[in-house]
Amino acid sequence: MSLSTARSFLSEAGYGEQELDANSALMELDKGLRSGKLGEQCEAVVLFPKLFQKYPFPILINSAFLKLADIFRLGNNFLRLCVLKVTQQSEKHLEKILNVDEFVKRVFSVIHSNDPVARAITLRMLGSLATIIPERKNAHHSVHQSLDSHDNVEVEAAIFASACFSAQSKDFAAGICNKISEMIQGLDTPVDLKLKLIPMLQHMHHNASLASSSRELLQQLVTSYPSTPMVIVTLHTFTQLAASSLIDIPKQLQLLLQYLKEDPRKAVKRLAIQDLKLLAKKAPHLWNRENTQTLCECALSSPYNSLKLGMLSVLSTLSGTIAIKQYFNPGTGGASAPPRLTDLVKLVQECCYHSNLAVAAHGVTVLANIAISCPEKDMMQLEQDTVMGLESLLVLCSQDDSPRAQATLKTALTSLVQLLKSRPHLSQSAVEFLLCQLHLAHDPSRVLMCHALAAIATQLPVLGEGMLGDLVDLYRVASHSSTDKQQELLVSLATVVFVASQSSLSAEVKTVIKQQLENVANGWTVYCIARQASRMGCHEFSSELYQSLRTRVASEHFYFWLNSLKEFSQAEQCLNGLEDGDYSAAMTAIAEALRSYQKGIASLTAASTPLSPLSYQCDFVKLRIDTLQGLSQLICTCNSLKTSPPPAIATTIALTSGNELQRCGRIAMQMRVSMDEFRSLAARYADLYQSSFDADSATLRNVELQQQSCLLVSHVIEALILDPHSASFQDYGTLGSVQTESEYERRMMSVFNHVLEEVEGLSRKHPPVSYLHTGCLCDAVIALLKVPLSFQRYFFQKLQSTSIKLALSPSPRTPTEPIPVQNNQQLTLKVEGVVQHGSTPGLFRKIQSVCLNVSSTLQSKTGGPEYKIPLDSNTNEIEQRVEPHNDYFSTQFLLNFSILGSHTVNVEASVVDESGIEWKTGPKTTVSVKSLEDPYAQQLRHNQQQQQQAQQARPETAPAPQRSSVYARFQ
C-alpha cells in the first residue's frame, strides 16, 4: 500500500466505512519515512498530525515521535524543518511521549552539528519541547551558548528557545535574565536584535525580585531609547509583564495613560490604547476614577477618529464592569458629581451622533451601560438621551447593507434589548419604533430587528399582541425573491409572529405564512419555520409544514425524521383542545396523542444512524409517552372512586387496623402506585438532564420543568389523599418568584402555582377522600396538559459536541478473551482517556475534571478452596477524579480478585463542569478478568490432598500392626 492509502486511512471515515486500526496506519507512514525519495518522506512526515488527531493515545504517539526523532537525527535540514512544524502543530500531544529521554537524546545529537542552520532548527525544536523538558540542563546550556553565536539564524533560534524555556522554567528565567540584560544594554548588539530580545522579559514573572529587576530594565529602555519601534516593543513587554505579575497593573495603567496623553506619535498612542484594552479585560477592578477620567479627557481632545475609536473601545469594555460604578461612586475620598455632568457622559453623548458608525456604536453601548448600572435620581434624562441615540443610529444603519453598518446595527440592538430588560417602561415606545423601521429597512437589517423584537416580546409578553398586526402586514409583502437574506427574513419574521401569538395562531396568520412559503420559500426555510413553530408550541401549524416536507428529502433517514416530527406535533395538537372538567374527553385526547407518539417513536428509531444515534430525542419522547400514560392512569384511578367506592365497613377496617388509608378503599393503593410511578418518572428526567452535557440552557430548563411537573403530581397525590397531615407546601413557596426566560416556562410556573394554591386550600378544609379531591387531581392533570409542549433547540440542533474515548490497559487480545490474574495479586488497571470536541468547544459549559468509576462483579465461580475472605475484598468499587490536560487524562486503579472465577470490570466516565456539577456523559467500558489460583498455593494444596488420601488409605490396608504398636507403648 502507498501513502495515498495512508491518507485515506487518516481521513474521516464516512457512514458504513470501516476504520483501520492505529498500528496499520502507523506502519503505512513508517514505510513512507523509510522511502528513498525525499518527497515521500516529507509527505509521510506531514501526515503525522492527522494520525495524532485520529488516534490520540500515548502508545502510538510515543512510537510515532521516536520515528520522527530518527528522521530529525538522520535527515537533511528540510526534513528537520518538517519535523519541527509537526511538533509545533502537535503541542498538546507532547505530554503523551513516554520515552522522553530517548526522544530528546536523538533530537539533541544534532546540536553538535557543524551546520548552523541544523543547530538553529534543533534549538527551535528544543524550545517547542520546553513544556516536557523545562529543567533539562543540557538544553539550557546549549541555548546559553547559542546566544553568543556569530550566525544570525542561530541567534534568532536561541532567542525563540530562550523565550519558550523562560515561560516554563523559573531557574532558566533567573539564569538567563542577566545575560539578556547585558545583550540589550550592550553597545555592540544591533537594534533589530534588541527588538527581538526585549519581548523575552515578559516571562520574568516567576518571583517578585525577578519581575522588579525586569521592570527597572524596561523603564531604563523606555527612557534611553525613544525611537518609535523601541518604545512600542518596550511598552508592550511592560504591559505583558504587569498582566502576568498582577501587582504592577496600577503603575502600568498610569504609564500607558501618560504616553497616550503626552506622546505625539500616533503609533505609540495606538499601542497604548491596545494595551489599555488588554488591561481593561484582565483587571477592570484596578481602574480607579482618575484612570477613567484621564482616558475620557484624551478622547475628548483627540482630533483623530481612529484614536477616538480605540479609546471608546476601551471605555466600552470598562462600561460593562465594576469600573463604571467606581467612576460614578469614587467612595468617601471624592465628591460624586451628577452623572450627566461628567466628562464620560459628555463624551459618549457627543459620540452617539458621530459620522463614524463604529464610534457611534461604542458611544451608545457605553451610554446604555451607564443607564443600566447607575440608577440615580436624575436618570430619566439620561435614559431619554440613550433611547434617542439608539434610535438615530438604528435609522442610519437600517438603510445601509454594508458589513460595518450591519455590525453597528447588531451592537445597537443588543444594547437596546439590555436597556429594556432593566427599564421595562421604555419598551412600548421602542417596539413601536422598531415596527415602524421594519417597513423601511433593508432585508439584512430587518432580520436583526426581528431578532430584537423576539427577545423583547419574550421578556414582556404583554407587548406581543400589539406587534401582531404590523408583523402580519409585513409578512404579506416581505419576500419577492429567493435570495438567502429573503429566506432568512421569512424565518425571522415567522419567529416573531410565533412569539407574539403565544402558541395560538389564527387562521389568517397561518394563511399568510403559507402563501409566502408556497411562493418563494425553499425546503430548508420551511423546515426552519416548522422547527420554530415546534419550539413555540404552535403544533398544528408545524405538523402541516412537516407533512409537506416529508417527500422533498433525498434520504430515508431524513424522511423518517420529518415523519416522526409530524407525528409528535399531531400528538401534542390532540391535547390542545382540552377543557376543564371534561375528564372523558381528556382520556380520549391522551389516547389519541399516545397513538401518534407511538408512530413517531417508531419513525424516530428508524431515522437514527450510527453517526447520529438521536439518543436524547428518543429518551425525551419515551419519557413524554410514559408521562402521558401515567396521567391517563391517574384520571382512571380518580374515576374509580365512582365505579368502586369504599365499602361500608371501610371505617371499621381503618379503626381496627390503625391505618387511616383503609378508609379510602382500594383507591388508596392505586394512588400510592401512581405516586411512585411519577417519582420514578422524575428520577428518569433527572437522569436525562445529567446526560445532556452539550444541551443549551433553554433545553435543560425544559427538561427540568418536565421533572418538576412529575414531582408536583406526586406531591399533590400525597397531599390530597395519602398523607394530608404531614404534607408541606413550604418548599414550593418560591416558585412564583423565579425569573422566567420563555413563554412556556412562564405558563408552566403559573400552572404550578395555581395547582398548589388549590391543593393547599382543599387539603385544609376536607378530609380525604372525596369527589373534591379526585376532581382537583384531574383538574391539575388537565391544566398541565393544556400548556403546549415546547421542543427546544437541542431536540433539533446540537451546537456543542463533547465525547470521551477511553483506553484500558492491560487489554485482552480479543474482546471475548479475559485478562488472567492470580488471586493473591492485585491487578493494576490503567485508564487513559481523550476528550474530543466539535467545532465550538465550551460553548455552553467546559469540562473541569473527569470522574472515573471502576466496579467489578463476580460472574461465575470456579472450583478451589473456600477461604473466609473479608467482604471488602470481595468487590471493587473505586472512584477517582482526574483533570484533563490538553484534553488527555490518565490514572490507575488497584483491583483485588481474591475469589477464583470470572469477573466483569466496568469503567464508567462522567464529567464535572466548572460549576462543580457532575454530568453522566459516559462512556461505559467493560473488560473480563479471570482470577486464577496461585501456582504455589495450588501445588501446596495438591500435596496436602495427596497426603490426606495416603493417610486415609493406610488404615484400610494394615489396621492390625497399628493397633499393636499403639498398645506396645503402654506395655
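The chain is numbered in sequence order, starting from 1.
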Exercise. In chain order, what residues pass the side chain to side chain donor-acceptor pair (under 3.5 Å) check against Arg793, with sequence neighbours excluded?
Worked result: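 Scan of Arg793 (side chain to side chain donor-acceptor pair (under 3.5 Å), adjacent residues dropped) gives Gln797.
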Exercise. In chain order, what residues pass the side chain to side chain donor-acceptor pair (under 3.5 Å) check against Asn563, with sequence neighbours excluded?
Worked result: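 Asn563 satisfies side chain to side chain donor-acceptor pair (under 3.5 Å) with Arg550, Ser603 only.
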For this session: Please identify each residue that fulfils ring pair (Phe, Tyr, Trp, His ring centres under 6.0 Å) with Phe560, with sequence neighbours left out.
Result: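 Expected list: none.
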Problem set entry | Which residues share a ring pair (Phe, Tyr, Trp, His ring centres under 6.0 Å) with Tyr794, sequence neighbours left out |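 For Tyr794 the ring pair (Phe, Tyr, Trp, His ring centres under 6.0 Å) partners, ignoring immediate neighbours, are Tyr616.
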For this session: Look up atom NZ in Lys282 and atom OG1 in Thr317, then write down how far apart they are to the nearest 0.5 Å.
Result: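 The distance works out to 15.5 Å.
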Exercise. Nearest 0.5 Å, what's the CG-CD distance between Asn522 and Gln486?
Worked result: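 The distance works out to 12.0 Å.
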For this session: In sequence, state the C-alpha distance, the side-chain angles, and the governing distance for Glu743 and Thr458, and then conclude on side chain to side chain donor-acceptor pair (under 3.5 Å).
Result: CA-CA 7 Å; Glu743 177 63 21; Thr458 303; over 6 Å; no
Could you list the residues that satisfy salt bridge (charged side-chain N to carboxylate O under 4.0 Å, His left out) with [X], not counting sequence neighbours?
{"X": "Arg624", "value": "Glu572"}
{"X": "Lys308", "value": "Glu350"}
{"X": "Asp401", "value": "none"}
{"X": "Lys846", "value": "none"}

For this session: Can you tell me which residue pairs pass the ring pair (Phe, Tyr, Trp, His ring centres under 6.0 Å) test with a partner in residues 389-425, sequence neighbours excluded?
Result: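 Matches after skipping sequence neighbours: none remain.
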Exercise. Got a sec, which pairs hit ring pair (Phe, Tyr, Trp, His ring centres under 6.0 Å) with one end in residues 514-539, sequence neighbours left out?
Worked result: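 Ring pair (Phe, Tyr, Trp, His ring centres under 6.0 Å) check on residues 514-539 returns Trp524-Tyr527, His539-Phe791.
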For this session: List in chain and number order the residues that pass side-chain contact (heavy atoms from CB on, under 4.5 Å) with Ser506, two or more places apart in sequence or in another chain; answer none if no residue qualifies.
Result: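 Ser506 satisfies side-chain contact (heavy atoms from CB on, under 4.5 Å) with Glu508, Val509 only.
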For this session: Identify, with sequence neighbours excluded, every residue that meets side-chain contact (heavy atoms from CB on, under 4.5 Å) alongside Glu544.
Result: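 Only Lys514, Glu540, Phe541 meet the side-chain contact (heavy atoms from CB on, under 4.5 Å) criterion with Glu544.
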Exercise. Would you say the side chain of Val417 lies within less than 4.5 Å of the side chain of Gln459, judging by non-hydrogen atoms?
Worked result: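 Counting from C-beta outward, Gln459 and Val417 do come under 4.5 Å.
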For this session: Carefully, step by step, assess Glu383 and Arg423 under the rule salt bridge (Lys or Arg N to Asp or Glu O under 4.0 Å).
Result: CA-CA 9 Å; Glu383 289 171 0; Arg423 302 286 188 273; 2.6 Å; yes
